[in-house]
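Structure record follows, encoded as structure tokens.
Computed from heavy atoms alone, side chains included, the values below leave out hydrogens, waters and symmetry copies. Just follow the structure's listing: the first ligand is 1, and inside any ligand the first atom is 1.
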Amino acid sequence: MADTLSDDEVDDRAPDGWSRDGEAIVRTYGFDEYLDGVDFANDVAELADEEVHHPEITIRFDEVEVQLTSHEEGGVTEQDVEMAEQFNDQY
Ligand SMILES: C[C@H](O)[C@H](O)[C@H]1CNC2=NC(N)=NC(=O)C2=N1
């Protein structure tokens, strides 16, 4: 089982735009068009399902909020950081 990252490790490793929120890391991505946000959420979901590591995705009219945590480990792990980097590449 992977180790959870400390607050300092998350601060050091969190990709652009991501920050700790309790036991998760979170980023909100802005979109001019609602359906662009929906398409992005779908890209995120496909990546997550390929890696069997699933974020919480909230789709709003002009933004998409993505939260990542490792439920089994009970906190933020390296896998969350790596996945967040992949999500940034989709934006
Ligand atoms: C059996 C399956 O691999 C596990 O339930 C996966 C599913 N997706 C998951 N997603 C996240 N974010 N954390 C997990 O611990 C997790 N576990």
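Listed here is the closest heavy atom pair of Val10 and Leu5: CG2-CB, 3.8 Å. Closest heavy-atom contact between Glu23 and Arg20: CA-NH1, 4.2 Å. Smallest separation of non-hydrogen atoms from Ile57 and Val44: CD1-CG1, 3.7 Å. Closest non-hydrogen pair, His54 versus His71, comes out as O-NE2, 4.4 Å.
Any N or O atom pair closer than 3.5 Å counts here, and Ser70 shares no such pair with ligand 1. Distances between N or O atoms of Asp80 and those of ligand 1 include no value under 3.5 Å.
Nearest to atom 3 (O) of ligand 1 among the protein's heavy atoms is Val52 CG1, 3.3 Å. Counting protein heavy atoms only, atom 14 (C) of ligand 1 is closest to His71 N, 3.6 Å. In this structure, atom 12 (N) of ligand 1 lies nearest to the protein heavy atom Thr69 O, 2.7 Å.
Below 30°, between 30° and 60°, or above 60°: for Trp18 and Tyr29 the angle between ring planes is above 60°, a perpendicular geometry. Classification of the Phe31-Tyr91 ring pair by plane angle, with boundaries at 30° and 60°, yields perpendicular.
Compare His54, Met83, Glu72 by their heavy atoms: the one nearest to atom 4 (C) of ligand 1 is in Glu72.
Of the heavy atoms in Leu68, none comes closer than 4.0 Å to ligand 1.
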